[in-house]
Amino acid sequence: MGGMGPAPKPEGSRRRRNATVAMTPLPHEGRKGRTPKWPLSDDVVLTARRDLAQRKADELELALLEPDLKGRAKVAAEKKADSAREAALILTKQLEMQQQIEGELWRELWKTPQAVMWEQLKWTREVAQYVRWKSRAEAGDLDAAKEARQLGDRLGLTPLSLLRLRWKITDPDEGSAAAPRARRRSTSGGRRQRPDDPRATLHVVE
């Protein structure tokens with residue numbers, strides 16, 4: 001009929017305006033099991049820099065053995081060799097420190113509650129990329145710190161990103177919190193008298 005508007009939608013097709021998307025619970029105790037194998041190779045850029053610096057240091061060491069090298073020229077060559085050795089040593093230590101941080105952080109992350117979902121989604125390499133950037137950031141690389149922060153958000157490592165991914169870390173005390181209150185309510189209305197309590201035979205005489 002005219003003027004009555006469209007027919008109502010079937011009950012099953014109606015969409016509630018206040019409907020919420022269910023959260024995926026993550027165990028507060030974290031992921032159990034073995035840590036996945038590290039999927040990435042060594043840092044190619046840092047390794048190449050270390051190798052080049054070491055090669056330069058070796059060449060300058062050989063140059064110092066030249067019999068014609070004397071006086072000020074030899075002093076200058078020795079300074080260059082010392083600087084090259086220092087640069088190679090610094091890069092070697094940086095690479096060792098990065099590998100150590102990567103190993104420690106990799107093992108720690110796979111024990112977190114979020115790792116349960118990473119394993120299901122097969123995000124092993126994504127987590128490894130975060131670890132690589134994070135290790136560089138801890139060595140003082142500001143650009144790496146920005147990349148690590150962005151990857152951390154995608155992996156659910158911040159409260160806001162957990163909410164965006166609809167992940168929720170369960171609270172171990174949620175189940176036991178209501179029990180004390182229930183017990184208090186059961187006892188607050190009055191005391192139960194034992195069957196052998198003589199006060200049970202007393203009654204009001206009108």
- Task: Report the residues that fulfil side-chain contact (heavy atoms from CB on, under 4.5 Å) with Ser83, sequence neighbours left out, ordered by chain and then residue number.
- Result: none
- Query: What distance do Trp106 atom CH2 and Tyr130 atom OH have between them, rounded to the nearest 0.5 Å?
  - Reply: 12.5 Å
- Check whether any side-chain heavy atom of Lys168 lies under 4.5 Å from a side-chain heavy atom of Leu162, and answer yes or no. no
- Message: Does either side chain, that of Asp42 or that of Thr47, offer a donor lying less than 3.5 Å from an acceptor on the other one?
- Response: no
- Query: Would you call Leu157 and Leu109 a side-chain contact if the rule is heavy atoms closer than 4.5 Å?
  - Reply: yes
- Message: Could you tell me if Glu104 and Gln100 have a donor-acceptor pair between their side chains, going purely by distance under 3.5 Å?
- Response: yes
- Examine Met23 and Leu165 and state if one hydrophobic cluster contains both, with Ile, Leu, Val, Met, Phe, Trp and Tyr joined whenever side-chain heavy atoms are less than 4.5 Å apart. no
- Query: Counting only N and O atoms by type, is there a donor-acceptor contact under 3.5 Å from the side chain of Ser161 to the main-chain atoms of Arg154?
  - Reply: no
- Query: Okay, side chain of Glu147, backbone of Trp133: is any donor-acceptor separation there less than 3.5 Å?
  - Reply: no
- Ala144 versus Ala137, closest heavy-atom pair with distance: CB-N, 3.8 Å
- Student check: side-chain heavy atoms of Glu78 and Leu64 closer than 4.5 Å: yes
- Verdict with supporting geometry, Glu86 and Asp82, side chain to side chain contact (heavy atoms under 4.5 Å, CB included): CA-CA 6 Å; Glu86 181 181 4; Asp82 289 340; over 6 Å; no
- Message: If you apply the rule side chain to side chain contact (heavy atoms under 4.5 Å, CB included), what do you find for Glu126 with Leu151, and how did you get there?
- Response: CA-CA 8 Å; Glu126 286 75 9; Leu151 280 174; 5.9 Å; no
- Task: Any chance you could measure Ile101, atom CD1, to Lys134, atom NZ, to the nearest 0.5 Å?
- Result: 10.0 Å
- Query: Looking only at heavy atoms, what is the nearest atom pair of Ala57 and Ala84, with distance?
  - Reply: CA-CB, 3.6 Å
- Message: I want to check something: taking the side chain as every heavy atom from C-beta on, are His28 and Pro172 in contact at a cut-off of under 4.5 Å?
- Response: yes
- Message: Does any part of the side chain of Gln54, heavy atoms only, come nearer than 4.5 Å to the side chain of Leu89, both counted from C-beta?
- Response: no
- Taking it one step at a time, do Leu46 and Gln94 satisfy side chain to side chain contact (heavy atoms under 4.5 Å, CB included)? CA-CA 8 Å; Leu46 193 57; Gln94 286 181 347; 3.8 Å; yes
- Message: Contact between Trp110 and Val127 at the side-chain level, heavy atoms closer than 4.5 Å - yes or no?
- Response: yes
- State, to 0.1 Å, how close Ala63 and Leu69 come at their nearest heavy-atom pair, and which atoms those are. O-CD2, 3.6 Å
- Message: Do Met97 and Leu40 land in one hydrophobic cluster if side-chain heavy atoms of ILVMFWY residues count as linked below 4.5 Å?
- Response: no
- How about Arg55 and Leu52: do any of their side-chain heavy atoms sit closer than 4.5 Å? yes
- Message: So, taking the atom named NZ in Lys80 and the one named CG in Leu60, what distance separates them when rounded to the nearest 0.5 Å?
- Response: 7.5 Å
- Nearest non-hydrogen partners of Leu155 and Trp167, listed with the distance: O-CZ3, 3.6 Å
- Item | Closest non-hydrogen atom pair between Thr92 and Arg50, with its separation | OG1-CG, 3.3 Å
- Query: Does a sphere of radius 6.0 Å around CG in Leu121 hold more than 12 heavy atoms from other residues, nucleotides or ligands, not counting ones at 6.0 Å or beyond?
  - Reply: yes
- Closest approach of Ala128 to Pro39 (non-hydrogen atoms, all atoms of both residues): CB-CG, 3.5 Å
- Query: Would a distance-only check, ignoring hydrogens and angles, find a side-chain to backbone donor-acceptor pair under 3.5 Å from Arg31 to Thr112?
  - Reply: no
- Glu102 meets the side-chain contact (heavy atoms from CB on, under 4.5 Å) criterion, sequence neighbours left out, with Trp38, Gln98, Val131, Arg132, Ser135
- Nearest 0.5 Å, what's the CG-NZ distance between Asp51 and Lys56? 15.0 Å
- Item | Arg136 and Asp143 ion-paired at < 4.0 Å | no
- Query: With a 4.5 Å limit on heavy-atom distance, are the side chains of Leu105 and Glu108 in contact?
  - Reply: yes
